[in-house]
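Have a look at the structure below, then the notes.
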Amino acid sequence: MRRKGMSVLVLSLVFILVFALAGCSGGNNATGNQNAKPDNANKGNATSTNSGNQQTEPAEPEIEKDASLLVWDNGGSDEDWAKMVAEEFTKKYNIPVEVQVVAQGDAPTKLQTDGPALLGADVFLAPHDRIGSLVSAGLILENFYPDEYKRDFMDAAITGTTIDDVLYGYPTAIDTYALIYNKDLVKKVPETMDELIEQAKAFTDKSKGQYGFMMQVNDFYFLHGFLGGYGGYVFGDKNTNSQDIGLNNEGAVKAGQLMQRLRKEVLPLSSADINVGVKESLFIDNKLMFDINGPWSVAALQEGKVNFGVAPLPKLDNGKAPASFSGVRAYYVNSYTKYPEAASLYAKFATSEEMLMKKFEISGQMPPRTKLLENEKINSDEIIKGFLEQAAVSVPMPNIPEMEPVWGGMNNAFTVIWDEDTDPKVILDKAVKQIKEGITLLKQ
């Protein structure tokens, strides 16, 4: 299905043959669907055809007869949203949908066994950095509407759910970290790191237990913002080429030097003394001005009645914005589904403007559709707006398997750089050597 270069006549004959065979066999062959992965030029592709100034939207795909779908999604507010989407989809297309709670982090592992056994969900939620192994194992179908998604979604959301230039995901949410600041302590939101350091330095008093600035100094997820802003990178070719590692280049070294400056001037604590609980407690007690953190930290601050705001990360001394890591939640279609057309249509329906706006209203998660950034309700939410502005310059975490040894290697490297005040170049060179050895072991 969905092959490039087919004429209308040939395509029609193919569909007649497929349905004839399906009638003889008594239904869709679920195992066979994994071998019928769609090419990018598919009949449901959302590439607009222009006639003058008019745009023609693509026709609805031909849905498999008697289709019914199983969807895996998170619990809590995600489950509430997913059930609402399922209900609306059934109303519109008369296709039954069952929603089961399977945490996004568990879904990829569960699919590896349940998919081939024909027990897996037709559509499931997963974090983007887990899809590399799923693609390698042939467990997910590519996105049936790639041109439409590339046009309408944030670059980070598309990059994060793409493997080898093929888009697989239907993004539902994006998150990243930004600068959270205490409005009762900060008179002017800093636009540069130099301004932040100046304000934080004046406020910091270790003897009083008050600090101008904190962040997770031994967690590479947060540290990539500085590294990326200075021109460092994990892998070459937009994090797809593991033969090209940029974790010890000049930009990475500058990031290490900035961390050492922060330790000396505004945060005189060892890495072991800085954690989520400490930061949260200090913020609630009005003893912390600035924190680099993500949307997941907001609820605790609101419950603690902190007067806080969110802004993009301040620019570095090279004039560049820190390139924070972002995470992309997305729906994917199981390659073993009996109903690939219905499943892909469901994933598209769930990530429409209307449904993603509902997701924001229900869960507060940031929608990755660019048009929704202009929505008045989202723009009026200062907290979400601050995170979204940072997300626009973020870099999705690499989604290839070779990323696995990077986390431990870089976490350890920055811990040493912070705690031991060691030459960043020496430490990063050692880390890259260890990461390369780890990648070699992965491929054996």
Carboxylate-amine/guanidinium proximity below 4.0 Å for [X] and [Y]:
X      : Y      : value
Lys338 : Asp122 : no
Lys358 : Glu354 : no
Lys110 : Asp106 : no
Glu87  : Lys92  : no
Lys150 : Asp155 : no
Lys91  : Glu88  : yes

For this session: Report the distance from atom CE of Met403 to atom CG of Asp129, rounding to the nearest 0.5 Å.
Result: 8.0 Å
For this session: Would you confirm whether the ring centroid of Tyr181 sits within less than 6.0 angstrom of the ring centroid of Phe290?
Result: no
Exercise. How about Tyr170 and Tyr149: are their ring centroids closer than 6.0 Å?
Worked result: yes
Seminar exercise, completed: Between Val328 and Ala157, the two heavy atoms sitting closest are CG2-CA, 3.9 Å
For this session: Anything under 30° is parallel, anything over 60° is perpendicular, the rest tilted; go ahead and classify Tyr221 against Tyr177.
Result: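 Ring orientation, 0 to 90° scale: perpendicular.
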Exercise. Does the ring of Phe222 carry Lys279 above it, NZ/CZ under 6.0 angstrom from centre and within 45° of its axis?
Worked result: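 Yes, Lys279 lies over the aromatic ring of Phe222.
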For this session: Before giving the answer on salt bridge (charged side-chain N to carboxylate O under 4.0 Å, His left out), spell out for Asp73 and Lys83 the whole-Å C-alpha distance, their side-chain angles and the decisive distance to 0.1 Å.
Result: CA-CA 9 Å; Asp73 208 319; Lys83 287 183 174 179; over 6 Å; no
